[in-house]
Amino acid sequence: MSRGLWIILGLIGLGAILLMLNHESGSTLGFLNEDFANLIWLGLLAALIGAGLLRSGRRFGDMARSLGLWALIVIALIAGYQYRYELQDFGSRITAGLIPGSPLMLGTEDGRATVALDKGRSGHFEVRMVINGKSIPALVDTGATTTVLSAEDARVVGFDPALLNYTVRVSTANGTASAAAVRAEEIAVGNIVRRNQPVLVAAPGALRQSLLGMNFIGSLSGFDVRGDRMILRD
């Protein structure tokens, strides 16, 4: 084993010992322990890359270009991590324009998840809710006591309409209809998730589009409408 490798291993071991000795204090050589550990790993990575370039026998100019390329890659990865939320919002805005009901923006407010929705072409707030892992379009309906699925959407998320008992009477915009009571393992809107939720399934042909009702919305800490935008707060 080469002397250089022994030196690298010795430095790593020394850093590990310092971290263990300063575990309670929370800092090592003026750095937070987490930052000091990151410095050790970055130093190891740099040493490995440098050793590989030196052993390759390439000219200094070629090595400099390779190091510059690696530096750009590392900077791009760091920048992507630091601006991950901004990139996520940018992607969400594009998706919302392409897929109606997709969350316009995901974020946090006072440590709670938030989801912003835009009003659809129909004049109603549309949402893509994920039930039992399956994404389906729905309208946000604050007048609906319970989330209601159309028979077609119920089949998508795992409920067979032919096997259900439609004994629950519900009021809709078109009058009174029959529905069946089921329970969803999980309902998610963006990064807001609720589990073990009661859901109604409308009889076949009784409902054209599923509704996100107050059993989900009422479980939130709050929601408000600002013009053509609705903001849900976990």
Side-chain angles (χ1 to χ4, degrees), residues 88-89 91-92 95-96 98-225 229-234:
Q88 184 184 55
D89 289 345
S92 296
T95 304
L98 296 174
I99 306 175
S102 295
L104 175 67
M105 185 167 53
L106 308 177
T108 57
E109 188 175 293
D110 297 328
R112 296 178 178 270
T114 62
V115 176
L117 304 172
D118 259 359
K119 188 175 289 186
R121 300 183 184 92
S122 64
H124 300 283
F125 288 101
E126 301 176 354
V127 62
R128 294 197 71 84
M129 56 183 180
V130 179
I131 298 183
N132 297 344
K134 302 295 184 180
S135 176
I136 58 172
L139 298 179
V140 179
D141 189 351
T142 56
T145 305
T146 307
T147 296
V148 186
L149 300 178
S150 67
E152 293 76 13
D153 288 341
R155 186 176 289 107
V156 170
V157 303
F159 301 112
D160 188 348
L163 302 178
L164 301 177
N165 295 318
Y166 299 93
T167 58
V168 181
R169 304 297 291 174
V170 295
S171 297
T172 69
N174 298 322
T176 304
S178 298
V182 296
R183 190 166 289 273
E185 294 179 5
E186 182 178 280
I187 300 178
V189 175
N191 49 1
I192 301 176
V193 180
R194 294 293 182 269
R195 293 178 174 83
N196 196 30
Q197 288 277 298
V199 174
L200 294 178
V201 176
L207 184 66
R208 290 199 311 170
Q209 189 164 14
S210 298
L211 307 173
L212 180 67
M214 285 302 295
N215 64 321
F216 183 93
I217 299 172
S219 71
L220 305 176
S221 64
F223 75 95
D224 59 77
V225 177
R229 181 171 298 179
M230 173 181 282
I231 299 176
L232 310 179
R233 297 181 177 83
D234 195 0

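Only a predicted model underlies this, so the values are computations on that prediction, with no experimental measurement involved.
Using modelled atom types, one side-chain atom of Ser210 and one backbone atom of Ser150 make a donor-acceptor pair closer than 3.5 Å.
Atom CZ of Phe216 sits about 7.0 Å away from atom CG of Leu232, to the nearest 0.5 Å. For the atom pair CD1 of Ile192 and CZ of Phe223, the computed distance is 12.0 Å after rounding to the nearest 0.5 Å. A distance of 5.0 Å separates CD1 of Ile136 from CG of Leu149, quoted to the nearest 0.5 Å. Expressed to the nearest 0.5 Å, how far CG of Leu211 lies from CG of Asp141 amounts to 5.0 Å. Between Ile187 atom CD1 and Thr147 atom OG1 the span is 4.5 Å, to the nearest 0.5 Å. Separation of atoms OG1 (Thr145) and CD1 (Ile217) is listed at 11.0 Å; rounding is to 0.5 Å.
With contacts defined as side-chain heavy-atom distances shorter than 4.5 Å, the pair Ser178/Arg169 qualifies. Counting only heavy atoms from C-beta outward, the side chains of Val157 and Met129 never approach each other to under 4.5 Å. When side chains are defined from C-beta on, Val168 does not count as touching Thr146, because their heavy atoms never get closer than 4.5 Å.
For the pair Glu185 and Asn132, the tightest heavy-atom approach, listed with the atom from each and the gap, is N-OD1, 2.9 Å. The minimum heavy-atom distance linking Thr142 with Met214 is given by the pair O-CG, 3.2 Å. In plain terms, the two heavy atoms of Arg233 and Leu220 that are nearest each other are O-CB, 3.1 Å.
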Determine all donor-acceptor pairs shorter than 3.5 Å in which one atom belongs to a side chain in residues 193-207; sequence neighbours excluded.
from	atom 1	to	atom 2	distance (Å)
Arg194	NE	Ser219	OG	2.8
Arg194	NH1	Asp234	OD1	3.0
Arg194	NH2	Ser219	O	3.2
Arg194	NH2	Asp234	OD1	2.6
Arg195	NE	Glu186	OE1	3.4
Arg195	NH2	Glu186	OE1	3.3
Gln197	OE1	Asn215	ND2	3.4

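By the side-chain contact (heavy atoms from CB on, under 4.5 Å) test, Asn165 is found to be paired with Thr167, residues two or more places apart in sequence or in another chain being considered.
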